[in-house]
Amino acid sequence: MNVHSPDVLIIPSKLSHFASDVLGTLVINPGYLAKGTKGGTYANLTINPIDETTLQTAINEKKHEIPHLVSSRSNVEIVRI
């Protein structure tokens with residue numbers, strides 16, 4: 001059975017907020033949006049498209065799978081409220 005890891009994993013927790021590439025998976029801890037009566041943090045996630053040359057090469061070589069590489073094409077901004 002072929003098992004793949006997720007491209008993006010979002011897990012809010014009490015730990016300090018972060019975004020990191022862990023073995024090809026973009027792991028995001030945005031923290032909590034609200035902490036009691038105070039504001040917390042949230043994450044803005046932008047995933048850029050795969051570049052056109054990579055897609056053309058895959059089409060020309062008739063590849064059935066293209067590596068996503070989401071973590072290298074993404075930008076995560078942690079915003080405090």
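Count residues from 1 along the sequence.
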Under 4.5 Å side-chain heavy-atom separation, chaining through any Ile, Leu, Val, Met, Phe, Trp or Tyr, what else clusters with Leu15? Say none if it is isolated.
none

Going by heavy atoms in the side chains, are Leu26 and Leu45 under 4.5 Å from each other?
yes

I'd like to know if the side chain of Ser20 and the backbone of Val27 have a donor-acceptor N/O pair within less than 3.5 Å.
no

Do you know the tightest heavy-atom contact between Asn29 and Ser16?
ND2-O, 3.2 Å

Flag yes if Tyr32 and Ile11 sit in one hydrophobic cluster, no otherwise; membership is Ile, Leu, Val, Met, Phe, Trp, Tyr, and two members link when side-chain heavy atoms are under 4.5 Å apart.
no

Sequence-distant partners of Asn44, side chain to side chain donor-acceptor pair (under 3.5 Å), two or more places apart:
none

Using atom types as modelled, flag every donor-acceptor pair under 3.5 Å from a side chain in residues 73-81 to any protein atom, sequence neighbours excluded.
| from | atom 1 | to | atom 2 | distance (Å) |
| --- | --- | --- | --- | --- |
| Arg73 | NE | His68 | O | 2.9 |
| Arg73 | NH1 | Asn48 | O | 2.3 |
| Arg73 | NH2 | His68 | O | 3.1 |
| Ser74 | OG | Val70 | O | 2.5 |

Heavy-atom closest pair, residues Gly31 and Pro12
O-CB, 3.5 Å

Nearest heavy-atom contact between Ser71 and Gly24 is OG-O, 4.0 Å

dist Thr54:OG1 -> Ile66:CD1 (nearest 0.5 Å) comes out at 8.0 Å

Look up atom OG1 in Thr25 and atom NE2 in His4, then write down how far apart they are to the nearest 0.5 Å.
12.0 Å

How long is the straight-line distance from OH of Tyr42 back to CD1 of Ile28, given to the nearest 0.5 Å?
14.0 Å

Hey, could you give me the CD1/CG distance between Ile47 and Asp7, rounded to the nearest 0.5 Å?
8.0 Å

